[in-house]
Amino acid sequence: MLVRHAMGVDRAQFFVALTDAVSPDIRHAALACARRRAEGEPLAYITGRREFYGLDLHVDRRVLIPRQETETLVDCVIEHCAGLEGAGDVRVVDVGTGSGAIAIAVAVRVPRAQVIAIDADAGALEVVDANRRRHGVDGHVSLARGDLLAPLAGPVDVIVSNPPYIRSADMARLPREVRREPAGALDGGADGLVVVRRLLEDAPRRLKSGGGLFVEIAPEQLGEVQELAGRSFPEGSVAHREDALGLPRVVCVYAG
Ligand SMILES: C[S@@+](CC[C@H](N)C(=O)[O-])C[C@H]1O[C@@H](n2cnc3c(N)ncnc32)[C@H](O)[C@@H]1O
């Protein structure tokens with residue numbers, strides 16, 4: 001993949017060119033990429049791209065590299081939107097949007113969705129802007145910089161978030177590739193749930209009745225996050241969804 005990246009060709013062109021001689025420039029560029037990889041830089045930052053929910057996204061050091069397990073979160077949102085009555089717009093907010101992976105996948109798959117993509121980081125929102133244009137959904141994804149739900153005006157049908165949820169004490173033990181990603185995208189405070197807790201406290205007044213809230217968690221956080229969600233939404237119902245590996249990955253809250 002690094003050689004192909006250095007050549008600037010797609011998969012098909014690469015295999016057609018497999019027996020061709022490689023120019024000194026390409027050899028030099030491929031070796032430079034290999035050196036970066038050997039030093040622990042994630043492949044996606046070197047190539048500048050990552051596939052998520054079938055979409056080719058631009059990524060760089062300003063954003064978390066979208067993970068496959070986060071696709072479960074998108075499944076939940078798409079299903080919830082499909083069950084909403086009426087033909088009008090569905091308002092969705094993606095809190096801590098990073099590269100915009102969730103916001104853009106939802107906008108592509110749910111044509112009536114109007115997605116507000118929020119992040120505290122200005123650099124991340126520049127990445128979202130590039131990605132929403134690349135996938136032709138700039139009319140369906142608006143950007144807002146701020147703390148959690150603070151920039152939101154008016155109630156929404158869906159709140160979705162993959163917040164930082166790693167305990168601060170575990171940050172130094174992360175694999176070296178992961179340590180290259182923004183700390184603000186990973187560090188969830190002393191117990192890993194500082195951001196989740198704040199989000200759940202503010203969410204009830206932001207959701208329309210019949211709305212849904214979907215939050216990604218680490219599997220071992222299931223019990224605690226379900227309890228927090230139950231406390232925030234005493235009239236609602238709380239469930240969870242497993243990822244492709246069968247691990248609890250999303251806490252789902254259906255507002256009353
Ligand atoms: C785990 S990353 C998720 C990125 C993307 N949604 C994904 O799933 O690939 C968390 C994101 O939340 C943002 N973030 C962290 N704290 C925040 C806060 N208080 N308000 C808004 N965004 C925040 C970070 O900048 C980061 O982009």
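Both ligands and their constituent atoms are indexed starting at 1 by order of listing. We count residues from 1, following the sequence as given.
Salt-bridge formation is not detected for the pair D202/R198: no Lys NZ or Arg NE/NH1/NH2 atom is positioned less than 4.0 Å from an Asp or Glu carboxylate oxygen. Look at D157 and K208 and you find a salt bridge, because one of the NZ, NE, NH1 or NH2 atoms lies within 4.0 Å of a carboxylate O, short of that distance. Taking the charged nitrogens against the carboxylate oxygens, E201 and R197 have no contact shorter than 4.0 Å, which rules out a salt bridge. With respect to E177 and R37, a salt bridge is recorded, a charged nitrogen being found less than 4.0 Å from a carboxylate O.
Look at T70 and you'll find a heavy atom under 4.0 Å from some atom of ligand 1. The closest approach between any non-hydrogen atom of L64 and ligand 1 is below 4.0 Å. Remark: distances from the non-hydrogen atoms of P164 to ligand 1 include one below 4.0 Å.
At under 3.5 Å, a nitrogen or oxygen of N162, whether backbone or side chain, sits near a nitrogen or oxygen of ligand 1. At least one N/O-N/O distance between L148 and ligand 1 falls below 3.5 Å.
Shortest contact from atom 25 (O) of ligand 1 to any protein heavy atom: D119 OD1, 2.7 Å. From the protein, the heavy atom lying nearest to atom 5 (C) of ligand 1 is T97 O, 3.3 Å. The protein non-hydrogen atom at the shortest distance from atom 22 (N) of ligand 1 is A120 N, 3.2 Å. The nearest protein atom to atom 1 (C) of ligand 1, hydrogens excluded, is given as A185 O, 2.9 Å; this is a heavy-atom distance. G184 O, 3.3 Å is the protein heavy atom nearest to atom 15 (C) of ligand 1.
Checking I166, I118, D147 against atom 19 (N) of ligand 1, the nearest heavy atom belongs to D147. With distances taken over non-hydrogen atoms, the option nearest atom 11 (C) of ligand 1 out of G96, S161, G100 is G96.
Of the N and O atoms on the side chains of T97 and D119, not one donor lies less than 3.5 Å from an acceptor on the other residue. Checking Y165 against E216 by side-chain atom types alone, a donor-acceptor pair falls below 3.5 Å. Side-chain contact annotation: D138 with H140, donor-acceptor N/O pair under 3.5 Å absent.
Note: Y254 and F214 have perpendicular aromatic rings, judged against thresholds of 30 and 60 degrees for the angle between ring planes.
Remark: ligand 1 atoms within the under-4.0 Å shell around heavy atoms of I102 are 6 (N), 8 (O).
Annotation: E242, atom CD; neighbour count of heavy atoms from other residues, nucleotides and ligands within 6.0 Å is above 12.
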